[in-house]
Amino acid sequence: MSFINYSSREINCKIVYYGPGLCGKTTNLQYVYNKTAPDAKGKMISLATETERTLFFDFLPLSLGEIRGFKTRFHLYTVPGQVFYDASRKLILKGVDGVVFVADSQIERMEANIESLDNLRTNLEEQGYNLDKLPYVVQYNKRDLPSAVPVAELKAVVNPTNVPDFEAVAPTGGGVFDTLKAVAKLVLTELKRGGNG
Amino acid sequence: MAGNQFLMFEEEQRRIQEACDLLARAANAEAVLVIDKNGQEIARSGDTDDLDVTSLSSLFAGNVAATGGIAKLLAEKEFSGQFHEGEKTNVHISLVAQRAILVVLFDQRSSLGLVRLRVKKASEELTRIFEAIVRKMNQGSAQTQVFSEITDDDIDNLFSE
Ligand SMILES: Nc1nc2c(ncn2[C@@H]2O[C@H](COP(=O)(O)OP(=O)(O)OP(=O)(O)O)[C@@H](O)[C@H]2O)c(=O)[nH]1
Ligand SMILES: [Mg+2]
């Protein structure tokens with residue numbers, strides 16, 4: 001649910017990074033945080049366990065600049081990927097404007113990818129959203145690892161609807177901003193269309 | 001709610017601000033925040049210079065969402081409010097019109113009783129204001145058309161650097 005304030009002339013949108021445990025969602029946000037100028041970002045908040053697994057969410061507020069005299073602000077969230085945190089994932093999805101699905105390229109995580117993608121669809125539907133109608137992009141992360149599945153194979157499994165997709169190595173930033181820009185652009189385009197998602 | 005957007009108009013923003021200012025004074029509060037349920041700030045009043053309102057907004061929204069989830073699992077309709085007691089600062093959190101979160105920060109110059117009383121009054125006014133916003137949104141006033149004029153170039157320009 002984008003929030004448009006005609007009084008302060010601001011557009012606020014919410015983007016959620018989804019994906020299986022350890023796929024690199026938090027790492028995406030950390031990279032964006034580290035590479036963004038101080039005046040364009042707020043604090044990054046991570047509600048994490050002692051072992052740095054996301055417990056509830058990560059949050060990073062960004063300002064992208066102005067569009068037709070409106071300041072555009074994006075609030076980035078990650079969900080906890082571990083299966084048993086499903087109740088929390090549902091809460092984070094509330095009011096979402098755009099979704100990034102971060103897939104883990106490693107062969108041994110294929111099942112986890114599929115399970116997480118199914119879970120994303122189900123949780124969105126529960127709240128009246130349809131993934132096929134939302135601004136949505138896919139990221140193939142961990143391309144640097146030896147057990148990474150070829151992209152074509154990954155794509156067939158986690159991106160059957162052929163939405164914009166990107167290869168990434170989140171710790172060093174490859175593909176991270178391309179992914180973010182693509183989803184932000186889709187969100188703004190949706191806003192322009194009148195956003196009846 | 002019509003569509004996947006929430007709109008704030010100048011008149012209602014001003015009325016919310018007034019309601020906030022009034023509440024901050026009447027409750028002897030340190031600060032008052034009105035936050036969208038999804039974690040975006042709507043208004044602030046009182047002594048907020050040292051507050052990271054953006055971070056707080058997202059955390060209060062997360063907190064309210066989690067509490068709402070707990071209520072659901074316990075088959076409670078919802079918990080009407082929350083109170084956190086600190087050494088210096090206390091926090092009163094409540095939901096307004098199913099849409100916004102009203103947060104009052106207060107210290108020993110006020111009391112939970114006074115805050116509760118004033119919050120009740122302010123909630124009524126805020127509920128009326130949010131109802132007015134929803135009416136306007138449903139009418140699809142001319143203002144809401146601004147975004148159909150955004151061009152692809154406008155969007156591209158945001159990302160060019
Ligand atoms: N080699 C490699 N490691 C990565 C990559 N992306 C993330 N990692 C590592 O994978 C681990 C987990 O990353 P996180 O970002 O915490 O994963 P997450 O998706 O947030 O996990 P949850 O919070 O449990 O859902 C960390 O040690 C990262 O450094 C990548 O592209 N390549
Ligand atoms: Mg994480």
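Letters A, B, ... mirror the listed sequences (proteins, then strands); counts begin at 1.
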Q) Where on A:Glu66 is there a heavy atom nearer than 4.5 Å to chain B: the side chain, the backbone, both, or neither? A) backbone
Q. Is any side-chain heavy atom of A:Met1 closer than 4.5 Å to a side-chain heavy atom of B:Asp36?
A. no
Q: With a 4.5 angstrom heavy-atom cut-off, could you sort out which part of A:Thr72 is near chain B: side chain, backbone, both or neither?
A: side chain
(Q) If I compare all heavy atoms of A:Cys13 with all of B:Gln40, which pair ends up nearest, and what's the gap? (A) N-NE2, 4.2 Å
Q.
Are the side chains of A:Ile4 and B:Met8 in contact, using a 4.5 Å heavy-atom criterion?
A. no
(Q) Rounded at 0.5 Å granularity, tell me how far CG in B:Leu7 sits from OG in A:Ser2. (A) 7.5 Å
Q | Distance, nearest 0.5 Å, that separates NZ of A:Lys94 from CG of B:Asn38 | A | 9.0 Å
Q: Answer yes if A:Leu22 and A:Leu120 sit in the same cluster of Ile, Leu, Val, Met, Phe, Trp and Tyr residues linked by side chain heavy atoms under 4.5 Å apart, and no otherwise.
A: no
(Q) Taking atom CD as the centre, does A:Glu111 end up with more than 12 heavy-atom neighbours from other residues, nucleotides or ligands that are less than 6.0 angstrom away? (A) no
Q) Under a single-linkage definition using a 4.5 Å side-chain heavy-atom cutoff for Ile, Leu, Val, Met, Phe, Trp and Tyr, are B:Val32 and B:Phe60 assigned to the same hydrophobic cluster? A) no
Q | Proximal component of A:Leu47, with respect to chain B [non-hydrogen, under 4.5 Å] | A | side chain
Q. Could you state the interatomic distance from OG (A:Ser7) to CZ (B:Arg14), rounded to the nearest 0.5 Å?
A. 9.5 Å
Q: Please answer: with hydrophobic residues joined when any side-chain heavy atoms are less than 4.5 Å apart, are B:Ile93 and B:Val96 in the same cluster?
A: no
Q: Could you look at B:Asp154 and say if it's the side chain, the backbone, both or neither that has a heavy atom under 4.5 Å from chain A?
A: both
Q.
Does atom CD (A:Glu52) have a neighbourhood of more than 12 heavy atoms from anything else shown, all under 6.0 Å?
A. no
**Q.** In one Ile/Leu/Val/Met/Phe/Trp/Tyr side-chain cluster, 4.5 Å: A:Val183, A:Leu64
**A.** yes
Q) What heavy-atom pair brings B:Gly39 and A:His75 nearest, and what distance separates the two atoms? A) O-CE1, 4.0 Å
Q: Identify which part of A:Leu91 has an atom lying under 4.5 Å from any heavy atom of chain B, answering side chain, backbone, both or neither.
A: side chain
Q: Can you measure from CD1 (B:Ile155) to NZ (A:Lys181) and round to the nearest 0.5 angstrom?
A: 14.5 Å
Q.
Is there a path of hydrophobic side-chain contacts, each under 4.5 Å between heavy atoms, that joins A:Leu55 and A:Val83?
A. no
Q: Below 4.5 Å from any heavy atom of chain B, which atoms of A:Tyr77 appear? Answer side chain, backbone, both or neither.
A: side chain
Q: Sort A:Ile45 into side chain, backbone, both or neither according to what part of it lies under 4.5 angstrom from a heavy atom of chain B.
A: side chain
(Q) If I compare all heavy atoms of B:Gly62 with all of A:Phe57, which pair ends up nearest, and what's the gap? (A) CA-CE2, 4.0 Å
**Q.** Contact origin within A:Phe3 toward chain B - heavy atom pairs under 4.5 Å
**A.** both
**Q.** Gap between atom NZ of A:Lys185 and atom CG of B:Leu158 - 0.5 Å precision
**A.** 10.5 Å
Q) Taking atom CD of B:Gln5 and atom CD of A:Glu190, what is their separation to the nearest 0.5 Å? A) 8.5 Å
Q.
So for B:Gln17, is it side chain, backbone, both, or neither that comes closer than 4.5 Å to the heavy atoms of chain A?
A. neither
Q: List the steps, then state whether side chain to side chain contact (heavy atoms under 4.5 Å, CB included) holds for A:Phe59 with B:Leu59.
A: CA-CA 9 Å; A:Phe59 167 70; B:Leu59 289 171; over 6 Å; no
Q | For chain B, the option from A:Val96, A:Asp97, A:Ile67, A:Ile92 that forms the most heavy-atom pairs under 4.5 Å | A | A:Ile67
Q: Evaluate the side chain to side chain contact (heavy atoms under 4.5 Å, CB included) criterion for residues A:Asn12 and B:Glu41: first the C-alpha distance (whole Å), next the side-chain angles of each, then the deciding distance (0.1 Å), finally the verdict.
A: CA-CA 10 Å; A:Asn12 295 279; B:Glu41 173 188 357; over 6 Å; no
